[in-house]
Amino acid sequence: MKKILGTALMIGALAGCIGPEGAPPEENACGAAQMQALVGTPVAAQDFSGHAAVRILPPGSMVTMDYRPDRLNVEHDADGVITRIACG
């Protein structure tokens, strides 16, 4: 009985990892994959106006933990150089 209960709990826990449509969340809904060439360039020299939601993140900045697949997150270092571009 313990094995059956344990298996049922494990399946339930794993089911919670799947998005509402039954598939993992889209990892490139914001277009970050196409912008990876900008990593290593100055953030001030870039134009992100074509994106509906952009979040520029300086080092040590506090951010909310809500996940928005359409939001472009642009992280940069103290010198203003882009270190990471990702959706979220």
Side-chain angles (χ1 to χ4, degrees):
M1 184 65 161
K2 284 185 179 182
K3 286 184 181 182
I4 294 172
L5 182 59
T7 302
L9 288 173
M10 182 65 79
I11 290 171
L14 290 175
C17 297
I18 299 174
E21 295 84 30
E26 179 62 43
E27 293 181 10
N28 192 39
C30 69
Q34 293 83 6
M35 304 189 78
Q36 294 305 306
L38 298 179
V39 173
T41 64
V43 70
Q46 307 309 324
D47 179 19
F48 299 106
S49 63
H51 296 277
V54 179
R55 187 162 62 169
I56 307 296
L57 303 168
S61 60
M62 295 179 68
V63 297
T64 59
M65 296 302 294
D66 63 317
Y67 179 79
R68 291 186 44 198
D70 64 323
R71 179 173 51 202
L72 184 70
N73 290 318
V74 180
E75 298 177 24
H76 64 83
D77 62 14
D79 296 323
V81 176
I82 298 172
T83 56
R84 182 174 181 258
I85 299 177
C87 297

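In this chain, numbering begins with 1 at the start of the sequence shown. Only a predicted model underlies this, so the values are computations on that prediction, with no experimental measurement involved. For the numbers below, each heavy atom of this structure counts, side chains included, while hydrogens, waters and symmetry mates do not.
- The two residues Val54 and Phe48 make their nearest non-hydrogen contact at CG2-O, 3.6 Å.
- Heavy atoms only, all atoms of each residue included: Cys87 and Gly31 are closest at SG-N, 4.2 Å.
- Interatomic distance, NE2 of His51 versus CE of Met35, reported as 4.0 Å (0.5 Å rounding).
- Evaluated for a side chain to side chain contact (heavy atoms under 4.5 Å, CB included) with Glu75, the options Leu57, Ile82, Ile85, Val39 yield exactly one hit, Leu57.
- A pairwise comparison of heavy atoms in Pro59 and Ala78 identifies CG-N, 3.6 Å as the closest pair.
- Although no hydrogens or angles enter the test, the distance criterion places a donor-acceptor pair under 3.5 Å between the side chain of Arg71 and the main chain of Gly88.
- One distance of note links OG1 of Thr41 with CD of Gln46; it measures 4.0 Å at 0.5 Å rounding.
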Practice item. Evaluate side-chain hydrogen bond (donor to acceptor under 3.5 Å, both in side chains) for Arg55 paired with Ser61, printing each intermediate quantity in order. Key: CA-CA 11 Å; Arg55 187 162 62 169; Ser61 60; over 6 Å; no
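- A distance-only check finds a donor-acceptor pair linking the side chain of Asp47 to the backbone of Ser49 [under 3.5 Å].
- Judged purely by atom type and a 3.5 angstrom limit, Asp70 has no side-chain atom pairing as donor or acceptor with the backbone of Cys30.
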